[in-house]
Peer 1: 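After the structure tokens below, expect a handful of questions from me.
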Amino acid sequence: MIDQNEILEKIKESLPLSSIQKGKLSNSLFTGGAGILLFYALEMLTTEENYLNEDFEQSLVILCNRASEYSTASFCNGYAGFLWLLDFFKKNNILDEAFDLNIYSDQLHRDLNIYVNNDNMDFLHGATGLAYVSLNIFSDPKLELYFNTLLNKVEKTDEGYCLSTKFTLEHREVYDFGLAHGMINLLPILDLCIDRNIYKELAKDIFNGIFNYYINTIGRYSKKSFFPNFLDLTDHNFSSFESRLAWCYGDLGILFLLYKYASKYYSRDKSSFLLDKLKITAKRKDDIDTEIGDYSICHGSTGASIIFKILFIKTGEDIFNEASSYWEKRSMEYYLSNNVSSGVKNHSIIEGSLGVGILILMNKNNLFANDFLLKWADMFLL
């Protein structure tokens, strides 16, 4: 029998807070020291352990002092992700409410506009990630240039609205369907704009257009999956028609967001339609079919387990709990066997062992049932 407490201790031993203090890691949220702080904060918030000790506080101070040393502004690897973490800490009373994040506002908005002007609208590594942070933190997110550019990039089709993005590895223009880098990740940003009455009518129009595009193309380009990874604008032979079961690319991440917003904005018939598609997705377990070969949140078993567990909590459907348990077990097996077929050899949240640690914490301490603490998953738009 797998001892998850033992795995959790091994992860903690490999990632002590001292690793931040010694400067062995980057400062980033998804791949570095800020992610380690999030992990220990979640353990503190969900147990009786008190990690607001000298080591935790010293590590937090060190990262704050390094805020000017980030080589990028991005949400994934830059200071924008760290600002998101500081806001999360403030909302959970780890950081004093008097700590003023507005001192970073001007710099964030300058960098957001630089990304826009460079035609980088990516969520993890570009303007959309900074827009997301700005909408979550600042009273005036200053998104005029972002929205003007977004509006110019929207292509209106019979199916709905789509946007082309650069597929940098092949220097091609594609319609990217994935959650990590594709059109679908605009929905949470537009949803925040609608809720906050920021460019509300424009946000609603683009939101509906993108939502409808996904709904109207379900199953059109794929046989084993409902959505492709991407479509090449000029050469459909290059297009990736079949997608894996993952957060980053694939039916699971896409359908999760579509179902979430169908339940909020659209008819019961539409949400039921998407729920049925998610139930079909929950049955995908074959390694070749799912293309899951490691324990990462990004493209591995931990991401699948987390998403299915959230779906179970939201719907009460046992099929999602069963799927979550299956992928949880696979995560522990991958961790113990050091199966890193997709190159997972680090300790980050997005691709490494910290994601496994957070999954164990969530299940061990019933974090999935706590809407407020589940806000950590907002970093993945869940």
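Excluded from the calculations below are hydrogen atoms, water molecules and symmetry mates; all remaining heavy atoms, backbone and side chain alike, are included.
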Peer 1: With rounding to the nearest 0.5 angstrom, report the CG to OG distance, Leu359 to Ser353.
Peer 2: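 Interatomic distance, Leu359 CG to Ser353 OG, rounded to 0.5 Å: 12.5 Å.
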Peer 1: Is it the case that the ring center of Phe227 lies less than 6.0 angstrom away from the ring center of Tyr221?
Peer 2: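 No - the distance between ring centres of Tyr221 and Phe227 does not fall below the 6.0 Å cut-off.
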Peer 1: Nearest heavy-atom pair of Tyr70 and Ser28: which atoms, and what distance?
Peer 2: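 Shortest heavy-atom separation between Tyr70 and Ser28 comes out as CE2-N, 4.1 Å.
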Peer 1: Do Tyr265 and Leu192 share a hydrophobic cluster (ILVMFWY, side-chain heavy atoms under 4.5 Å, transitive)?
Peer 2: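 As far as the 4.5 Å side-chain criterion goes, Leu192 and Tyr265 are connected within one cluster.
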Peer 1: Could you check whether any side-chain N or O of Thr302 sits under 3.5 Å from a backbone N or O of Ser331, counting only pairs where one atom can act as donor and the other as acceptor?
Peer 2: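 Not confirmed, Thr302 side chain does not pair with Ser331 backbone.
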Peer 1: Is there a path of hydrophobic side-chain contacts, each under 4.5 Å between heavy atoms of I/L/V/M/F/W/Y residues, joining Ile103 to Leu83?
Peer 2: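 Result: yes, single cluster for both.
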Peer 1: Out of curiosity, Leu255 CG to Thr281 OG1, how far, rounded to the nearest 0.5 Å?
Peer 2: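 Nearest 0.5 Å value for the CG-OG1 distance: 5.0 Å.
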Peer 1: Establish whether Phe56 and Val61 are linked, either directly or via other cluster members, by ILVMFWY side-chain heavy-atom contacts under 4.5 Å.
Peer 2: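 No, Phe56 does not connect to Val61 through the hydrophobic network.
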Peer 1: Which atoms form the tightest heavy-atom contact between Gly33 and Ile20, and what is the distance?
Peer 2: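 The pair with the smallest heavy-atom distance is O-CD1, 3.3 Å.
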Peer 1: In Å and rounded to the nearest 0.5 Å, what is the OG to CG distance from Ser59 to Leu17?
Peer 2: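 Between atom OG of Ser59 and atom CG of Leu17 there are 4.5 Å.
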Peer 1: In this structure, which one of Trp247, Phe320, Phe312 forms a side chain to side chain contact (heavy atoms under 4.5 Å, CB included) with Ile307?
Peer 2: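 The residue from Trp247, Phe320, Phe312 that satisfies side chain to side chain contact (heavy atoms under 4.5 Å, CB included) with Ile307 turns out to be Trp247.
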Peer 1: Is Asn27 reaching over with its side chain to a backbone N or O of Ala34, donor-acceptor style, under 3.5 angstrom?
Peer 2: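 Not a single qualifying donor-acceptor pair exists.
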Peer 1: Can you label the angle between the Phe88 ring and the Trp84 ring as parallel, tilted or perpendicular, going by 30° and 60°?
Peer 2: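 Rings of Phe88 and Trp84: parallel, under 30°.
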Peer 1: Counting N and O atoms only, with roles assigned by atom type, does the side chain of Ser305 sit under 3.5 Å from a partner on the main chain of Ser301, one being a donor and the other an acceptor?
Peer 2: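 No, the answer is negative, given that no donor and acceptor are paired below the 3.5 Å cut-off.
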Peer 1: Strictly distance-based, threshold 3.5 Å: is any side-chain N or O of Asp251 a donor or acceptor partner for the main-chain N or O of Phe226?
Peer 2: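 Present.
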Peer 1: Which donor-acceptor pairs under 3.5 Å do side chains of residues 206-214 form with protein atoms, sequence neighbours excluded?
Peer 2:
residue : atom : partner : partner atom : Å
Asn208  : OD1  : Tyr266  : OH           : 2.4
Asn208  : ND2  : Lys204  : O            : 3.1
Asn212  : ND2  : Asn208  : O            : 3.0
Tyr214  : OH   : Phe177  : O            : 3.0
Tyr214  : OH   : Ile184  : N            : 3.0

Peer 1: Do Leu187 and Leu258 come close enough that some side-chain heavy atom pair is under 4.5 Å?
Peer 2: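 Yes - at least one pair of side-chain heavy atoms lies under 4.5 Å apart.
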Peer 1: Between the side chain of Asp289 and the main-chain N/O of Arg284, is any donor-acceptor distance below 3.5 Å?
Peer 2: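 Side chain of Asp289 to backbone of Arg284, a donor-acceptor pair under 3.5 Å: no, none is there.
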Peer 1: Assign the ring pair His181 / Tyr249 to parallel, tilted or perpendicular, where the plane angle (0 to 90°) is split at 30° and 60°.
Peer 2: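 His181 vs Tyr249 ring planes: tilted.
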Peer 1: In the single-linkage hydrophobic clustering (I, L, V, M, F, W, Y; side-chain heavy atoms under 4.5 Å), do Ile114 and Phe75 co-cluster?
Peer 2: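 Unlinked, Ile114 and Phe75 end up in two clusters.
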Peer 1: Side chain of Tyr326, backbone of Ala282: donor and acceptor closer than 3.5 Å?
Peer 2: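 Looks like no, no N/O pair under 3.5 Å.
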Peer 1: Short question: side chain of Asn92, backbone of Ile94 - any donor-acceptor pair under 3.5 Å?
Peer 2: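 No: the side chain of Asn92 does not pair with the backbone of Ile94.
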Peer 1: So which atom in Thr72 and which in Tyr115 form the shortest heavy-atom distance, rounded to 0.1 Å?
Peer 2: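 Looking at all heavy atoms of both residues, the shortest contact is OG1-OH, 3.1 Å.
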Peer 1: Give the minimum heavy-atom separation between Ile36 and Ser19, together with the two atoms involved.
Peer 2: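 Closest approach of Ile36 to Ser19, heavy atoms only: CD1-OG, 3.6 Å.
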Peer 1: Taking side chain as C-beta onward, heavy atoms only, is Leu145 less than 4.5 Å from Asn117?
Peer 2: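 In contact.
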Peer 1: To check you understand the geometry: which heavy-atom pair defines the closest contact between Ser134 and Leu108, and what is its length?
Peer 2: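 Looking at all heavy atoms of both residues, the closest pair is CB-CD2, 3.8 Å.
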Peer 1: Under 3.5 Å, side chain of Ser267 to main-chain N/O of Lys270, donor-acceptor pair present?
Peer 2: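 Judged by distance alone, yes, a pair lies under 3.5 Å.
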Peer 1: Closest heavy-atom contact between Lys309 and Asn363?
Peer 2: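 For Lys309 versus Asn363, the nearest heavy atoms are CE-OD1, 3.4 Å.
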Peer 1: List the steps and the verdict of side chain to side chain donor-acceptor pair (under 3.5 Å) for Glu155 and Tyr175.
Peer 2: CA-CA 11 Å; Glu155 301 172 36; Tyr175 295 137; 2.5 Å; yes
Peer 1: Could you go step by step and tell me if Asp96 and Lys90 meet the salt bridge (charged side-chain N to carboxylate O under 4.0 Å, His left out) rule?
Peer 2: CA-CA 6 Å; Asp96 195 297; Lys90 285 183 67 174; over 6 Å; no
